[in-house]
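Here the structure comes first, spelled out in structure tokens, and everything after it is commentary.
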Amino acid sequence: MNTEKYQLLRWVLVETSHPGNVGSAARALKTMGFSDLRLINPKTKDIAKESEAIALASGALNVLESSQESESLASTVQGCSLVLGLTSRDREFGPPALDWVAARALIRNTTAQHGRVAMVFGPERTGLDNEHLALCTHRVWLDANPDYPSLNLAQALMVCAYTLRESFAEAGDLEMMVNREELAELADPAAIAAMLDHWREGLEAIGYLDPSNPKKLMPRLQALFARSSLHKEEIDLLRGIAKQMLLRK
């Protein structure tokens with residue numbers, strides 16, 4: 001098995017409540033050949049050391065013990081050219097939406113060009129909120145019973161890991177139709193978020209955005225830029241515009 005693609009996948013659990021889900025996630029990842037588990041603001045500090053997490057990890061203690069706990073989703077997805085937020089909830093704003101079949105093809109294309117991918121799963125009860133999704137390049141849902149689309153966190157992760165392993169196996173050594181240079185230069189979500197903060201300051205400086213009554217201007221701009229697949233040089237251009245707006249203050 002060529003493990004390079006598997007090592008490019010980062011599995012991110014945000015604000016997880018139950019230690020058992022962390023242990024089960026570690027077991028699912030190891031079973032399917034993945035290992036990079038990140039934990040963002042779990043409800044219990046050092047959740048991976050809880051007895052329930054250790055018990056449900058079973059033979060995947062190495063994945064559990066090597067998991068990284070952090071307070072920042074932004075820093076965790078930094079450097080990932082593709083960041084997929086898994087949620088079944090529809091949103092008025094936010095990144096473009098994809099079903100899991102299309103998302104798998106995008107992951108194959110990205111990893112074929114040595115790009116890093118983050119899979120982001122939200123809290124068990126509420127799922128990802130708009131702040132989390134703002135750091136994602138796409139919102140992804142799993143095709144399920146529309147009358148009951150809810151999956152347990154560890155189950156959802158296992159479905160993704162298993163089907164992604166299948167996709168990698170099916171792809172084999174086939175060449176992916178992606179422009180290598182274009183993919184390599186895509187801006188990561190953290191850079192886009194920083195640019196949007198810069199724009200918010202600039203728009204306030206020229207009086208276009210009223211901070212006391214912002215309405216939906218920034219979410220609309222966020223959605224616009226999310227659909228645009230911005231490159232690093234375009235981020236620099238947009239930040240240059242924001243800088244000029246601030247100079248007019």
Start with the C-alpha gap between N21 and H18, add the side-chain angles, then the distance that decides, and say whether side chain to side chain donor-acceptor pair (under 3.5 Å) holds.
CA-CA 6 Å; N21 278 331; H18 304 296; 5.2 Å; no
A side-chain contact here means heavy atoms from C-beta on lying under 4.5 Å apart; do [X] and [Y] qualify?
| X | Y | value |
| --- | --- | --- |
| L29 | L37 | yes |
| L64 | K49 | no |
| W100 | V140 | yes |
| R139 | L98 | no |
| T44 | D46 | no |
| L203 | M218 | yes |
| S35 | W11 | no |
| I241 | W199 | yes |

Grouping ILVMFWY residues whenever side-chain heavy atoms fall under 4.5 Å, the cluster of W141 otherwise contains none
Set out, in order, the CA-CA distance, both residues' side-chain angles and the distance that settles side-chain contact (heavy atoms from CB on, under 4.5 Å) for R104 and E166, then state yes or no.
CA-CA 10 Å; R104 289 205 316 264; E166 275 194 324; 5.8 Å; no
Which atom pair, heavy atoms only, marks the closest approach of [X] to [Y]?
| X | Y | answer |
| --- | --- | --- |
| P211 | L209 | CD-O, 3.3 Å |
| S17 | E124 | N-OE1, 2.8 Å |
| L157 | A25 | CD2-O, 3.8 Å |
| I47 | L39 | CG2-CD1, 3.8 Å |
| P123 | L128 | CD-N, 4.2 Å |
| Q155 | L151 | OE1-CD2, 3.8 Å |

With sequence neighbours left out, which residue pairs that include part of residues 9-24 fulfil the salt bridge (Lys or Arg N to Asp or Glu O under 4.0 Å) condition?
R10-D36
Which of parallel (below 30°), tilted (30 to 60°) and perpendicular (above 60°) describes F168 and Y6?
perpendicular
Quick one: side chain to side chain donor-acceptor pair (under 3.5 Å) pairs with a partner in residues 59-70, sequence neighbours left out?
K30-N62
Are there over 12 heavy-atom neighbours, none belonging to N213, within less than 6.0 Å of that residue's CG?
yes
R27, CZ atom: more than 12 neighbouring heavy atoms under 6.0 Å:
no
Interatomic spacing from [atom1] in [X] to [atom2] in [Y] - rounded to 0.5 Å:
| X | Y | atom1 | atom2 | result |
| --- | --- | --- | --- | --- |
| H231 | I235 | NE2 | CD1 | 10.5 Å |
| E4 | H114 | CD | NE2 | 5.0 Å |
| R220 | L217 | CZ | CG | 9.0 Å |
| L135 | T137 | CG | OG1 | 10.5 Å |

Go through the steps for I40 and H132 under the test side-chain contact (heavy atoms from CB on, under 4.5 Å), then give the verdict.
CA-CA 11 Å; I40 310 300; H132 302 141; over 6 Å; no
With side chain to side chain donor-acceptor pair (under 3.5 Å) as the criterion, how do R38 and T76 come out once you've worked through the C-alpha distance, each side chain's angles and the decisive distance to 0.1 Å?
CA-CA 8 Å; R38 310 294 180 101; T76 298; 5.1 Å; no
Please assess V12 against M119 for the test side-chain contact (heavy atoms from CB on, under 4.5 Å), listing each intermediate value before the final yes or no.
CA-CA 6 Å; V12 185; M119 302 280 297; over 6 Å; no
Assess the residue pair L153 and L13 against the criterion (side-chain contact (heavy atoms from CB on, under 4.5 Å)); give the C-alpha distance rounded to whole Å, side-chain angles, the decisive distance to 0.1 Å, and a yes or no.
CA-CA 9 Å; L153 172 60; L13 306 186; 4.2 Å; yes
Do any N or O atoms from the side chain of R116 and from the backbone of G79 form a donor-acceptor pair under 3.5 angstrom?
no
Only residue of T110, V120, I107 satisfying side-chain contact (heavy atoms from CB on, under 4.5 Å) with L84 is I107
